[in-house]
Amino acid sequence: MNSAPSTIISRFLQSRIVWPLAGLALLLLFNFVFDRAFFEVSTRDGNFYGPMLTVMRLSVVVMLLAMGMTLVIATGGVDLSVGSVMAIVGTLTAFLAVKHHLSFPSLLGVAISVSLAIGVFNGVLISCVGIQPIVVTLIMMVLGRGVALNITGGSPLQVVDSGVLFLGKSFIVGVPVQIFLVVLVFAITVILCRKTAIGLFVEAVGDNETASRLSGVNARGIKVLVYIFSAVCAALAALVSIGDAGSVDPDGLGQMLELDAITAVVVGGTVLTGGRFTLLGSLIGALLIQTLATTLIRQGMDSAYAPVPKALVILVVCLLQSQKFRAQIASLIGNFRKPTS
Amino acid sequence: MRGISKAFRGVQALKGVDFTVRAGEIHALMGENGAGKSTLIKVLTGVHPRDGGEVLLAGQSVSPQAPREAEELGISTVYQEINLIPELSVAENIMLGRQPRRFGFIDWKELHTRARRALQRLEIEIDLHRSVSSCSLALQQMVAIARALDVNAKLLILDEPTSSLDEHEVAELFKVMRRLREQGLGLVFVTHFMDQVYAVSDSITVLRNGELVGEFKTAELPKIQLVGKMLGRELAAVEKVGDTMALGADAKTTGDAFLTAKQLGRKGGVEPLDLEIRKGEVIGLAGLLGSGRTETARLLFGADRKTSGSITLDGRATALSSPAKAIGSGIAFCSEDRKSEGIVPSLSVRENIILAMQAGRGILRLLPRRKQDELAAHYINALRIKTPSPETPIQNLSGGNQQKVLLARWLCLQPKLIILDEPTRGIDVGAKAEIEKLVDSLRREGMAILFISSELEEVVRASQRVLVLRDRKKVGELSGEQINEDRIMEMIATHE
């Protein structure tokens, strides 16, 4: 029986973010032992630099995508189109800035409206027409890449808008603007989910859609909403990404990032079948993936082979999350101990 | 089985239970919800490892770690939900997972021979090539039994095998059970239907709150005493359950019509029917499985679209085109399918209770957490829901308690009409009596209630008026004194 005094600790141990957090801690420990330089922070012109900050900066795009993806996955769906949404939004805003000298607010407006439209398209086809999420967003993924390539005829563009560059490159009190953006989006999302009924409805729809609908929950509306949110997150990720790079390659922008986002969500402790979700977990998941990538590079791993250990670590975290697997390990250890004691 | 113990996350589910089944007997395992029947079965079949005690099979100590191992030892189980693959043939289902092979390919000839032999053992004839989905539920059950009975089966466990069968099908199943008994098998029969226990079993083991109450010879244990043992109350208290029988009778005071349906119907669902439900009245819907009871309820709730007719609520014509609209107009619907249409399994008891209320308030006006806790605490207390905490996921509760949580979900809306579709299915006697009492007190408060149950006895007890359905058609209506089981059965049987 659980005793009362340790409830906070035991609740923490039972929460979903324990295992990704443990994975992250292990990685940091590894670096602490083998690569102390990983933790070095230097200042240049009053701005902070260092491997840790680079890791955070590099995770921002996946973090933004992962927040949208978390809600989509919590409803039992998946959004494969986010990478292509990034490509469309990134290419279109860069194009409009170069050719029509649109101001940053108008660019932001364009980015949001385009992503909104794509989200509505995905959401309506999935919830009202009833096509499977993976099919709809796969169509959007292919279609979106084509649209992005068509905007410029496939050639890369320079990012000239100062607002977009500010998002991607500047610092506030020594910390990259991107990190503030991700914290802001996270705070807004958490408030939207937990201080309104959105979180409850998303979990209810993902866990048992029929029961939710029969309880009067607008399941269709909720589903459309999460796909819209996911697309808007992708639009923000696009702006950060092109601002950081300073240029846009319509072919490469956002390529394969939908998979990184899904991985971050799963590693973070939200299951693909839907139901309970954790936004913080997804952020930790994104951070874990990037920390791992950076660690491997710093250890001199050829980037061509880097996906292998990455896959292994993801597998381990996912296994740790499985209650069944943990029980099996526990009983193995138990069996091992018995003869000696 | 001796001294079996099992605890889940701090909840002691079984406390040193003994359970003995002899070869060649049908042994009923009875108890209220949460008594530990399912847990005992799952320990026996290796789904859950046990914490203490031992299992002896033909004198040998065994401890299966998985259902598969239990099967190899000769312990076979047919679960409540029939686990067959609907699109595969009868033969394929019987031999699933142990298809005979030749040179790495499935040996179809051998497969059919062995499947035929398995069915012969039950002395039933089915076309082996038919797909299972085209068989009746009873036949599917037989196929499941045939599949469970491997050549060396010594013990067959039937977990609630009759809950979705009609009377004739139940009789068929009993025939098969007796046949297997004659072949020297031990059978464990888990059920809530007391009449069936007396019809078929030799002995009864009663569990309560995870403890053994006792083992009895069926012939030597009067029904009323069995109920007493299951409830853990002495006879006086049991008679209180009997009191509910009188509840419906003294009722005369019914108010104005709340809901009037004219020629309401749906193609492929129910033929157009007229229906009036008054405030402070319980209307029973009686009929066999598949007679259109649930279909009617779903139309009234807007879960299915009607294709004909109109609905008037409080004198105003209403569309009721979706559950949300029906709820908004004061209608609540407790579905018969608790698992797939009722509970949201991994959400907490609290969240399950407030779900419909929150849905009514919309996205933005989140019910304050304090109010949520109050509501949850109130209903857990009022309906005596057994749960470790309001934050426990509802899937950890027993069936009867889940049902109470779902009732709470609707009651907190204070609906004007509540549709209860099989509210007592698969739950124990005690909870049944509680729910019947609750229905009666709601009626007295002026709520209109549509009560659906396949147990005629219950319908008769609870209702002021009864609508009888047959083959998706309304075949008659009874009220007041006219309501009795014989009349209803007559109407179901004779109407052409």
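Letters A, B, ... are given to chains in the order of the sequence lines, protein chains preceding strands, and every chain is numbered from 1. Quick note: numbers below take in every heavy atom, side chains included, and nothing from hydrogens, waters or symmetry partners. This one's a predicted model, so the numbers in the text were calculated from it and none came from an experiment.
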Trainee: Nearest 0.5 angstrom please: A:Arg213 CZ to B:Ser322 OG, how far?
Mentor: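 Result: 10.0 Å between the selected atoms.
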
Trainee: Do you know which two heavy atoms are closest between A:Ala197 and B:Leu366, and how far apart they sit?
Mentor: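 Taking every non-hydrogen atom into account, CA-CD1, 3.8 Å.
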
Trainee: Measure B:Ile354 against the heavy atoms of chain A and call it side chain, backbone, both or neither at under 4.5 Å.
Mentor: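 Contact with chain A is through the side chain of B:Ile354 alone.
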
Trainee: How about A:Leu315: does its CG atom have over 12 heavy atoms from other parts shown lying under 6.0 Å from it?
Mentor: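 Yes, enclosed.
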
Trainee: Please report the interatomic distance OG(A:Ser215) to CD(B:Glu341), rounded to the nearest 0.5 Å.
Mentor: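 Answer for the OG-CD pair, A:Ser215 versus B:Glu341, is 10.5 Å.
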
Trainee: Decide if atom CD of B:Glu69 counts as having more than 12 heavy atoms of other residues, nucleotides or ligands within a radius under 6.0 Å.
Mentor: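 Yes, CD of B:Glu69 has more than 12 neighbouring heavy atoms, counting only those of other groups under 6.0 Å.
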
Trainee: Restricting to non-hydrogen atoms, name the atom on B:Gly342 and the atom on A:Ala211 that form the minimum distance, rounded to 0.1 Å.
Mentor: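 Closest heavy-atom pair between B:Gly342 and A:Ala211: O-CB, 3.2 Å.
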
Trainee: With chain A as the partner, which of B:Ala332, B:Ser346, B:Pro323 has the greatest number of non-hydrogen pairs under 4.5 Å?
Mentor: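 Ranked by contacts with chain A, first place is B:Ser346.
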
Trainee: Side chains of A:Thr210 and B:Ser340, heavy atoms from C-beta outward: is any pair under 4.5 Å?
Mentor: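 A:Thr210 vs B:Ser340: side chains apart.
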
Trainee: How long is the straight-line distance from CD of B:Gln395 back to CG of A:Asn208, given to the nearest 0.5 Å?
Mentor: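 A:Asn208 atom CG to B:Gln395 atom CD measures 11.0 Å (nearest 0.5 Å).
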
Trainee: Counting only heavy atoms not in A:Gln132, do more than 12 fall under 6.0 Å of its CD?
Mentor: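 No, because the 6.0 Å sphere around CD of A:Gln132 holds 12 heavy atoms or fewer from other groups.
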
Trainee: Just so I understand: if I count every heavy-atom pair under 4.5 Å between each of B:Gly328, B:Gly360, B:Ala324 and chain A, which residue has the most?
Mentor: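 Between B:Gly328, B:Gly360, B:Ala324, the count favours B:Ala324.
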
Trainee: Go through the steps to decide whether B:Leu347 and A:Leu200 satisfy the test side-chain contact (heavy atoms from CB on, under 4.5 Å), and finish with yes or no.
Mentor: CA-CA 9 Å; B:Leu347 295 197; A:Leu200 174 72; 4.0 Å; yes

Trainee: Between B:Ile327, B:Leu355, B:Asn352, which residue shows the highest count of heavy-atom pairs closer than 4.5 Å to chain A?
Mentor: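 Between B:Ile327, B:Leu355, B:Asn352, the count favours B:Leu355.
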
Trainee: Quick one: of B:Ile343, B:Asp337, B:Leu364, who has the most non-hydrogen atom pairs under 4.5 Å with chain A?
Mentor: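 Most heavy-atom pairs under 4.5 Å with chain A: B:Ile343.
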
Trainee: Where do A:Ile222 and B:Ile363 land on the side-chain contact (heavy atoms from CB on, under 4.5 Å) test, with the steps shown first?
Mentor: CA-CA 9 Å; A:Ile222 288 291; B:Ile363 282 176; 4.0 Å; yes

Trainee: For B:Trp410 and A:Leu214, which heavy atoms make the closest approach, and how far apart are they?
Mentor: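 Between these two residues, the closest heavy atoms are CH2-O, 3.2 Å.
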
Trainee: Give a yes or no on whether B:Arg305 atom CZ has more than 12 heavy-atom contacts from other residues, nucleotides or ligands under 6.0 Å away.
Mentor: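 12 or below, so no.
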
Trainee: State plainly whether the residues A:Arg276 and B:Glu351 are in salt-bridge range, i.e. N to O under 4.0 Å.
Mentor: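 A salt bridge is present here (some side-chain N lies under 4.0 Å from a carboxylate O).
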
